[in-house]
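Note that this is a predicted model, so its numbers are computed, not measured. Every chain is numbered from 1, with letters handed out A, B, ... down the list of sequences.
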Protein chains: 2
Amino acid sequence: MSEIKQTSTNYSNKLALSDECSEAYASNIIGGQWTLVICSWLLSGKLRFGELKKKLPGITERMLTLQLRKLEEHKIISRTVYAEVPPRVEYELTEIGYALKSVITELEVWGTSHKKLIGE
Amino acid sequence: MSEIKQTSTNYSNKLALSDECSEAYASNIIGGQWTLVICSWLLSGKLRFGELKKKLPGITERMLTLQLRKLEEHKIISRTVYAEVPPRVEYELTEIGYALKSVITELEVWGTSHKKLIGE
DNA sequence: TTAGGTACTATAAATAATGTAAGTAATGAG
DNA sequence: CTCATTACTTACATTATTTATAGTACCTAA
């Protein structure tokens with residue numbers, strides 16, 4: 001995940017696009033496999049690592065960790081560790097993270113109508 | 001591109017998510033590297049292959065072809081071939097393709113404010 | 001006859017993303 | 001002392017996506 005090669009054409013293409021187009025920029029950030037689903041769960045409140053895991057059937061702990069780290073890095077979620085044993089860690093959307101709500105809504109709307117169209 | 005392994009865990013995860021969440025479904029469709037940018041160019045009118053190529057600095061012809069094929073497959077764009085020499089092919093958004101406008105707009109809005117936030 | 005434009009295709013290679021499986025630390029319960 | 005719990009980490013394997021490079025067909029104009 002964080003092993004992106006900064007000399008690759010792919011990397012510079014992404015940079016260039018992100019630079020010009022805010023929508024490509026956004027898509028690079030939230031485009032991961034599980035990113036949006038995690039956010040949409042968090043829209044309804046903070047969740048612990050284990051809770052998220054249960055809500056995302058099929059995700060591996062590694063993947064969940066990676067995605068959460070990436071989201072945190074992009075300031076979309078915040079992470080709170082409670083010094084307990086066994087550990088407790090809570091994830092919560094930040095303000096800009098919460099602002100994804102309208103993006104998610106639009107995607108849902110579009111996705112739903114696209115599904116319907118294709119299904120016919 | 002179309003060499004997706006239907007036995008992979010990744011494939012079934014994507015299917016499952018797409019099934020449950022329209023936003024993940026949508027993201028799978030428009031989440032490619034160049035997809036949104038192509039669509040956003042097409043929002044302002046039909047374009048030829050070569051014109052798109054010029055507007056997307058860095059894209060290879062193969063990538064452009066692949067993305068256009070994928071978009072066509074998903075009924076987001078339509079392709080019109082004119083029987084001329086040299087050939088002329090025009091790409092245009094379909095109705096559902098045009099409906100991506102609000103998604104793109106929201107992404108732009110979010111992307112812009114995220115950029116601003118991070119830049120501080 | 002040759003060059004040139006247009007929209008591709010073929011093949012291979014590189015890079016990125018995701019998955020598998022196992023292990024870790026801390027501590028309180030038994 | 002041993003086990004269970006929770007939220008990870010690590011090393012490695014597999015799959016997916018993107019890039020590189022070269023070619024193709026067609027007619028037209030020179």
Side-chain angles (χ1 to χ4, degrees), chain A residues 1-17 24 27-35 37-38 46-72 77 79-91, chain B residues 1-17 24 27-35 37-38 46-72 77 79-91:
Chain A
M1 199 126 182
S2 44
E3 320 92 16
I4 18 143
K5 243 188 189 172
Q6 309 204 344
T7 53
S8 71
T9 308
N10 183 260
Y11 180 75
S12 46
N13 276 340
K14 268 188 183 143
L15 270 197
L17 274 184
S27 166
N28 276 338
I29 292 183
I30 61 168
Q33 169 91 68
W34 306 89
T35 317
V37 191
I38 293 174
K46 55 174 69 165
L47 288 171
R48 300 180 55 178
F49 185 88
E51 290 171 325
L52 275 170
K53 202 176 112 183
K54 270 179 215 140
K55 290 182 182 302
L56 304 170
I59 200 171
T60 60
E61 299 195 334
R62 170 180 146 81
M63 255 301 124
L64 184 50
T65 305
L66 285 176
Q67 303 276 334
L68 289 170
R69 289 281 180 284
K70 187 180 156 193
L71 286 170
E72 202 192 344
I77 61 176
R79 178 171 177 266
T80 315
V81 186
Y82 295 88
E84 302 172 0
V85 168
R88 181 161 62 101
V89 181
E90 285 182 344
Y91 294 96
Chain B
M1 199 126 182
S2 44
E3 321 91 17
I4 18 142
K5 241 189 192 171
Q6 310 204 341
T7 53
S8 71
T9 308
N10 182 263
Y11 180 74
S12 46
N13 276 340
K14 268 188 183 148
L15 269 196
L17 274 184
S27 165
N28 276 338
I29 293 182
I30 61 167
Q33 167 91 70
W34 306 89
T35 315
V37 191
I38 292 175
K46 54 174 69 167
L47 287 172
R48 301 179 56 175
F49 185 89
E51 290 172 325
L52 276 169
K53 203 176 112 184
K54 267 179 217 143
K55 289 181 183 304
L56 304 170
I59 201 172
T60 60
E61 301 196 333
R62 172 176 148 83
M63 251 301 120
L64 183 51
T65 304
L66 284 176
Q67 303 277 335
L68 289 171
R69 289 283 180 281
K70 186 180 158 195
L71 286 171
E72 202 192 342
I77 60 174
R79 178 170 178 267
T80 314
V81 185
Y82 295 89
E84 303 172 356
V85 168
R88 179 161 63 102
V89 180
E90 285 183 345
Y91 294 95

| request: Among the candidates C:dG19, D:dA7, D:dT17, find the nucleotide nearest to the side-chain atoms of B:Ile4. | output: D:dT17
| remark: Nearest-nucleotide check on DNA chain C, A:Thr7 vs A:Glu84; residue mapping nearer the 5' end is A:Thr7
| query | When the distance from CE of A:Met63 to P of C:dA16 is rounded to whole Å, what number comes out? | reply | 15 Å
| message | If you assign each of B:Gly50 and B:Asn13 to its closest nucleotide in DNA chain C, which residue comes earlier from the 5' end? | response | B:Gly50
| Closer than 4.0 Å, any side-chain N/O of B:Arg48 to the OP1 or OP2 of C:dA7? | yes
| query | So does B:Arg62 reach the base of C:dT9 with its side chain, donor to acceptor, closer than 3.5 Å? | reply | no
| field | Side-chain touch A:Leu68/A:Arg79, heavy atoms, less than 4.5 angstrom | value | no
| query | Taking side chain as C-beta onward, heavy atoms only, is A:Tyr11 less than 4.5 Å from A:Leu15? | reply | yes
| query | Are the side chains of A:Leu17 and B:Gln33 in touch, meaning some heavy atoms are under 4.5 Å apart? | reply | yes
| query | Think A:Asn10 has a side-chain N or O under 4.0 angstrom from the OP1 or OP2 of D:dT17? | reply | no
| Of all the nucleotides listed (C:dT6, D:dT5, D:dA16), which has the minimum atom distance to the side chain of B:Pro87? | C:dT6
| field | Residue closer to the 5' end of DNA chain D, B:Thr60 versus A:Val89 (nearest nucleotide) | value | A:Val89
| request: Check the distance between D:dA7's C1' and A:Leu64's CG and give it to me in whole angstrom. | output: 10 Å
| task | Please tell me if the side chains of A:Glu72 and A:Arg69 come closer than 4.5 Å, counting only heavy atoms from C-beta onward. | result | yes
| said: So A:Tyr91, base contact, sugar-phosphate only, or nothing? Heavy-atom distance under 4.0 Å. | reply: sugar-phosphate
| task | Answer yes or no: does a side-chain N or O of B:Lys14 lie under 4.0 Å from OP1 or OP2 of D:dT15? | result | no
| task | Report the residue (A:Tyr11 or A:Thr65) whose heavy-atom-nearest nucleotide on DNA chain D is the more 5′ of the two. | result | A:Thr65
| query | Expressed in angstrom and rounded to an integer, what is the separation of A:Asn28 atom CG from D:dT17 atom P? | reply | 15 Å
| said: At less than 4.0 Å, is any side-chain N or O atom of A:Gln67 found next to OP1 or OP2 of C:dT18? Yes or no. | reply: yes
| field | A:Ser8 vs D:dT18: side-chain N/O to OP1/OP2 distance below 4.0 Å | value | no
| said: Taking only side-chain N and O atoms of B:Gln6, does any of them lie within less than 4.0 angstrom of OP1 or OP2 on D:dT15? | reply: no
| request: Would you kindly give the CG-to-C1' distance between B:Leu66 and C:dA7, to the nearest whole Å? | output: 14 Å
| field | Interatomic distance where CD1 belongs to B:Ile59 and C1' belongs to D:dA20 [whole Å] | value | 14 Å
| Donor-acceptor pair present, B:Arg88 side chain and C:dT6 base, under 3.5 Å | no
| field | N or O in side chain of A:Arg69 less than 4.0 angstrom from D:dT9 OP1/OP2 | value | yes
| request: Would you indicate whether the side-chain heavy atoms of B:Ile29 and B:Thr35 approach each other to under 4.5 Å? | output: no
| Does a nitrogen or oxygen in the side chain of B:Thr9 sit under 4.0 Å from OP1 or OP2 of C:dT20? | yes
